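Notes to accompany the following structure.
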There are 2 protein chains.
Amino acid sequence: MVVTSGHTVAGDDMDDANPVGPPPKRKPITARELARLMGVSQSAVSRAFTPGTSISPQLRQRILRAAAELDYHPNAIASMLSTRRSNIAGIVVSEMQNPFYPTLIEKLSRELQRVGLQSLMFNITRGSNIEEQLVALRKYNVDAVVVVSATVLSGASLRWATEGRAAVLVNRTIPDQTLTSVSCDNVEGARAIADHFHAIGRRQVAYVGGLPHTSTNLERQNAFITRVAELGMTLTHTLSGGEYSYEAGYRAALEIGQAKRTDAVFFANDILAIGGFDAFKDGLGLLVPEDIAVAGFDDVDMTRWPRYSLTTFRQPVDAIIERTVSLIIEQLSNEDFSPSQNPLSGELLIRHSTVGGRGLEKIGLPLPPQEQR
Amino acid sequence: MVVTSGHTVAGDDMDDANPVGPPPKRKPITARELARLMGVSQSAVSRAFTPGTSISPQLRQRILRAAAELDYHPNAIASMLSTRRSNIAGIVVSEMQNPFYPTLIEKLSRELQRVGLQSLMFNITRGSNIEEQLVALRKYNVDAVVVVSATVLSGASLRWATEGRAAVLVNRTIPDQTLTSVSCDNVEGARAIADHFHAIGRRQVAYVGGLPHTSTNLERQNAFITRVAELGMTLTHTLSGGEYSYEAGYRAALEIGQAKRTDAVFFANDILAIGGFDAFKDGLGLLVPEDIAVAGFDDVDMTRWPRYSLTTFRQPVDAIIERTVSLIIEQLSNEDFSPSQNPLSGELLIRHSTVGGRGLEKIGLPLPPQEQR
DNA sequence: TTGAAAGCGGTACCAG
DNA sequence: CTGGTACCGCTTTCAA
């Protein structure tokens, strides 16, 4: 490592500034200089670049033209300072290994850009100094915070970090519901899976969870278990993978498969399910779905691979993002805004991991379009 | 959509500021106020938070203590303005679908954070207004730019965007080499694959590329073809998947497999290879590796799934990141810094997709540790 | 509509 | 070591 950043002193955060050597670089032209060069006031330049200000079209044009000429761009930092708006949204992230999230984040950051917010990423990792990260959130004066991280952060930290700014939790909630959240309707999804298992004649079912204490996991698990009971099916296992990974799914599936009394398994997300699928098929030589049906949650790309053709509950990613962004905007514009929970409807996608061969037609369901490769 | 952001006027960029409603929020305490409250000068407060400034330990302690008390945090925006350093690195990204990149980016942003740089993400997507994105890079005054995007950006845009600031291209180069780049040694990797194919007795080999005009694709392709020729093997196909995707790999594999004269295929990355693997095995009923050996590039998590156990060339991710960060730091501290190209050695990982059954032992190679599940 | 001037919240140089 | 004081570059009254 080349530079160790500012050490913390006496229980408070030092500014970890100046991580690297000397100061600036070639400095770009400023509004003042441009103004002087053109013989207009600096205010005029500012106005030219601010929509909806009172400036004559002619002057604006002249200035914009000259600006283009001289490669002048308003310094965003300076304008942040005077307007007290950074036009930056902090995105707090942690589980980039689950392919569901990169996709989500990419789209989210694109949408935020569309409404004028750049995304400043904050990678929270277990083990890393979380609080320190959150301090950065505040120092950088982000206007909005989107937390896309099922894990790690306590409600208290979250409240502190987001205090006084727009905030949305995506795919997680906090118990006291003091923060706005947007997520897939996990209850709906888990029930749909249970119903589907029942519909295809399965009666011995199991649940494999991910990170035990996350709200997504708990919601899916509880809803599933409840529905299974309502339908009179037997719950043979309730396992926790411990994390959302292929390996965890694989291990859990071995355990379930070896016990030989389960005919359908709901994995709390697709990665677990895919691990489980491989364990059943390659590891134990079972037939999927004949011997055992497998369902996941999320609808990541891999579920559509012919190898898997995994039945899953699709998270309404676009809707989630749209809602998130509009909630952010609302908070940014309304003084009085009260937090809300926003579960959004997803969609059960039935594929071959639960209904094999031509079974999809047999039970009168349309072949998912994805299967028409 | 709730707010359409500032429309562009007259061939120049308007400031897309004020994407949302009204102005600020509750304002936090400032250094000046803190100073007045404590009866010290505002300069003292500033010094207390700046390591290496001349201030007595006692005063510093007092101030830090009081700051903690009053929840004062230095405003990063203001200090950016006066120091002309943002302590922000822009990360330009595009292909988040390839699981190699989320991982890389997560680690990268973590390392940057360690040396005091937050990461501002810039998602470039084909179709999106690239130039506009790059303008943002400049407006936000990022100190450094890391481009992790094989695609899209022309050398000229890159040079413009990074002008006057530290910049590193990761896993791509530009022809004139005027920008520093760090990447996996694609030539080494492609040659290693060719050598390996030869070593396991394959003589009819094929190449499946990804995005045709990217430097990674070209380097891997050329090196492979060259080495294949040197070794006297026959190149049966040189296909372009058109993109780095499972589907592209699948399609290419069908074409190759149906022709029935190829016994080993090098796919330009793991996702292509996995698509190809499934096509050979499930789509065409071939045996991998007995009928046809499959190798990829990158070493993403999926390659280790027992289902695939894919032979691949591991990109030295940690080394890439370390080098990238240290090059950034160098550029930030040295006035005179000349661009360099930094190919980093990777590692051939031989797994069952090229050497089946107990073959790994037979040819005297150690079982990859990953296989010891 | 336009220009002058007072901040925004720090940094850094200067004198004491 | 400490306090005073010009900036940093833009936004936003306030007058003209």
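None of these values were measured; they are calculated from a predicted model. Quick note on labels: first sequence line is chain A, next is B, and so on, each numbered from 1.
Distances shorter than 4.0 Å separate some side-chain N or O of Ser56(B) from OP1 or OP2 on dT2(D). Proximity of Ser54(B) to the phosphate of dC1(D): a side-chain N or O atom is located under 4.0 Å from OP1 or OP2. Between Ser41(A) and dG3(C), a side-chain N or O to OP1/OP2 separation shorter than 4.0 Å is present. Applying the 4.0 Å criterion to OP1 and OP2 of dT11(D), one finds that Arg85(A) has every side-chain N and O outside that range.
One interatomic measurement links the two molecules: CZ of Arg32(B) to C1' of dG10(C), which rounds to 8 Å at whole-angstrom precision. Atom NZ in Lys139(B) sits roughly 10 Å away from atom P in dT11(D) (whole-Å rounding). We find that CZ of Arg138(B) is positioned 15 Å from P of dG9(D), with the value rounded to whole Å. Going from atom CE of Met80(B) over to atom C1' of dC8(D) covers 13 Å, rounded to whole Å. The distance between atom CZ of Arg36(B) and atom C1' of dT2(D), rounded to the nearest whole Å, is 19 Å.
Listed candidates were dT11(C), dC10(D), dG9(C). Nearest to the side chain of Leu81(B) is dG9(C). The listed nucleotides are dT2(C), dT12(D), dG10(C); the one nearest the side chain of Thr83(A) is dT12(D). Closest approach to the Ala44(A) side chain among dT11(D), dG3(D), dG3(C) is made by dG3(C) (side chain taken as heavy atoms from C-beta onward). Checking dG10(C), dC10(D), dT2(C) against every side-chain atom of Pro74(B), the shortest atom distance belongs to dG10(C).
Judged purely by atom type and a 3.5 angstrom limit, Asn87(A) has no side-chain atom pairing as donor or acceptor with the backbone of Leu117(A).
Between the base of dG10(C) and the side chain of Ser46(B) there is no donor-acceptor pair shorter than 3.5 Å. Side-chain atoms of Arg47(B) and base atoms of dG3(D) include a donor and an acceptor less than 3.5 Å apart. For a distance-only test at 3.5 Å, the side chain of Ser82(A) qualifies as a donor-acceptor partner of the base of dC10(D).
Of the two residues contacting DNA chain C, namely Ser43(A) and Ile29(B), the nearest-nucleotide position lying further toward the 5' end is that of Ser43(A).
Counting any heavy atom pair closer than 4.0 Å across all strands shown, Leu59(B) reaches sugar-phosphate atoms only and no base atom.
Contact of the Trp160(B) side chain with the Asp71(A) side chain is registered, since non-hydrogen atoms from C-beta on lie closer than 4.5 Å. Looking at heavy atoms from C-beta onward, Arg60(B) lies in side-chain contact with Thr53(B) at the 4.5 angstrom threshold.
Remark: Glu33(B) does not engage Arg36(B) in a salt bridge, criterion side-chain N to carboxylate O under 4.0 Å.
Scanning both residues, Met38(A) and Ala66(A), for their nearest heavy atoms gives SD-CB, 3.4 Å.
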